[in-house]
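Notes for the one structure printed next.
Scope of the values below: all heavy atoms of this structure, side chains included, with no hydrogens, waters or symmetry mates. What you see is a predicted model; the values in this text were computed from it and never measured. Order of the sequence lines fixes the chain letters, A, B, ..., with proteins taken first and strands second; residue numbering starts at 1 for each chain.
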2 protein chains.
Amino acid sequence: MSIPDDFDLQNFLPYLLNQAAEESSLSFQKVYKDRYGMLRTEWRVLFHLGIYGRMTAKQIGERSKMHKTKISRAVAKLAERRFLTRQKDEADRRLEYLELTPAGLRAYRDLRDVARAYDSQIAARFSEDEVALLRRMLRQLAGGAR
Amino acid sequence: MSIPDDFDLQNFLPYLLNQAAEESSLSFQKVYKDRYGMLRTEWRVLFHLGIYGRMTAKQIGERSKMHKTKISRAVAKLAERRFLTRQKDEADRRLEYLELTPAGLRAYRDLRDVARAYDSQIAARFSEDEVALLRRMLRQLAGGAR
DNA sequence: CGTTGTTAGTTACAAAACCAACAGTTAACA
DNA sequence: TGTTAACTGTTGGTTTTGTAACTAACAACG
């Protein structure tokens, strides 16, 4: 029984994107995990603060599309490790501004350099035009609707 | 403090791939979840059996790169729902052949058609050449090393 | 003011993933 | 053969995530 079917799983875009994403994250994950004991959510928050500077959890959520509970937990961990400080907005006391400490900034810069090198290494597997097109398509796919 | 930095997170490939993968999985996830109460691991196992026919958990692991515990649990769920049957190899009693039941096959075909339509919908956002290149690059990235 | 609704962020509980140790079976080879 | 190593698949305990309800603060409008 069980008539084999010719659906091409290896080319099904959601599956393929997942496989590529997982594979391409592996080496970088190893670094932020082994070197700083971080989770994916944590380096993402760290990077947002490192790149854009002082911002609130809400703003991180808008940029990263992470759910607020993930952010809340990542922020708690980073604060515990003294990688960031929290500071309530006096005008609107629901808001809390997050900012990297010098230690957090050092960790960010270290990982940023690793990320840059790793990205180049991946990009080097293709021509410049190809990589540019890949990034453009991925941005569009990531962008959601339409 | 907190000097803003110009690292381009939105173009960092592992990040970008994850965002694209997540976004592109959403609609399809909704279908297999709402319609069959399945998890990602479960539809993957279902598809492997639907496409390649009778095979063992080990073989599914090799093709999908899923860890054996995920497969074991997905198989248990699918067996419980009567979507597949298990049959020990008499020659090597460590092996167990998995095979879709008629109900499992129906579910597979239903989801496969959804997947095909969904894939076309995504592909339609680009030219044929672009999509072909995208798939090729993703396959290479997914393929691991080098 | 005061009631109702909205927002930022946290917490509690359940679901799922991860990892390591396990049972049962087969292979290797002294 | 007998003992050890290797392999397939499962289970247990912990970590991480997801979902929903919650607190505290502000806004809107009578």
Query raised in the report: Thinking salt bridges, do A/Arg135 and A/Asp119 make one under a 4.0 Å N-O criterion?
Result: yes
Report task. Quick one: which residue pairs count as a ring pair (Phe, Tyr, Trp, His ring centres under 6.0 Å) with a foot in residues 97-118 of chain A, not counting sequence neighbours? Result -> A/Phe47-A/Tyr108
Query raised in the report: Is there a donor-acceptor contact under 3.5 Å from the side chain of A/Arg44 to the main chain of A/Ile60?
Result: no
Write down the protein N/O and nucleotide N/O pairs, taken from nucleotides 21-29 of chain C, whose separation is under 3.5 Å; answer none if there are no such pairs.
from   : atom 1 : to      : atom 2 : distance (Å)
C/dT26 : OP1    : B/Arg93 : N      : 2.9

**Report entry** salt bridge (charged side-chain N to carboxylate O under 4.0 Å, His left out) against A/Arg106, all qualifying residues, sequence neighbours excluded
**Finding:** none
**Report entry** Any B/Leu105 side-chain heavy atom under 4.5 Å of B/Leu49 side chain
**Finding:** no
Requested in this report: Could you tell me whether the phosphate oxygens of C/dG9, OP1 or OP2, come under 4.0 Å of any side-chain nitrogen or oxygen in A/Ser72?
Outcome: no
Query raised in the report: Just checking, any donor-acceptor pair under 3.5 angstrom between side chains of A/Gln87 and A/Arg54?
Result: yes
Report summary line: With sequence neighbours left out, the residues meeting side-chain hydrogen bond (donor to acceptor under 3.5 Å, both in side chains) with B/Glu62 are B/Lys58
Query raised in the report: the helix from C/dC1-D/dG30 to C/dA30-D/dT1: angle between its terminal axes, five pairs each, to 10°?
Result: 10°
Could you give the side-chain donor-acceptor pairs of residues 66-80 of chain A under 3.5 Å, partners two or more places apart or in another chain?
from    : atom 1 : to      : atom 2 : distance (Å)
A/His67 : ND1    : A/Thr69 : N      : 3.2
A/His67 : ND1    : A/Thr69 : OG1    : 3.2

Query raised in the report: Between B/Lys58 and A/Arg73, which has a closest nucleotide on DNA chain D that is more 5'?
Result: B/Lys58
Requested in this report: Taking side chain to side chain contact (heavy atoms under 4.5 Å, CB included) as the test, write out the residues that go with A/Arg94, two or more places apart.
Outcome: A/Asp92
Report task. Under the side chain to side chain contact (heavy atoms under 4.5 Å, CB included) rule, collect the residues that match up with A/Arg63, sequence neighbours excluded. Result -> A/His48, A/Tyr52, A/Met55
Query raised in the report: Of all residues at least two apart in sequence or in a different chain, which pass the salt bridge (charged side-chain N to carboxylate O under 4.0 Å, His left out) check with B/Arg112?
Result: A/Asp5
Query raised in the report: Whole Å only: how far is the NE2 atom of A/His67 from the P atom of C/dG9?
Result: 13 Å
Query raised in the report: Taking C-beta and beyond as the side chain, do A/Leu17 and A/Leu138 meet within less than 4.5 Å on heavy atoms?
Result: yes
Query - Strand-adjacent residues in residues 32-43 of chain B, judged by heavy atoms under 4.0 Å from DNA chain C - result: B/Leu39
Show which side-chain atoms of residues 25-35 of chain A pair as donor or acceptor with protein atoms under 3.5 Å away, not counting sequence neighbours.
from    : atom 1 : to       : atom 2 : distance (Å)
A/Ser25 : OG     : A/Ala21  : O      : 2.7
A/Ser25 : OG     : B/Asn18  : ND2    : 3.1
A/Lys30 : NZ     : A/Asp34  : OD2    : 2.5
A/Arg35 : NH1    : A/Asp110 : OD1    : 3.0
A/Arg35 : NH1    : A/Asp110 : OD2    : 3.0

Query raised in the report: Given atom CD1 of A/Ile71 and atom C1' of C/dT11, what is their separation to the nearest angstrom?
Result: 16 Å
Report summary line: With a 4.0 Å cut-off (strictly under) to non-hydrogen atoms of chain B, the first and last hit nts on DNA chain D, 5' to 3', are D/dC7 to D/dT19
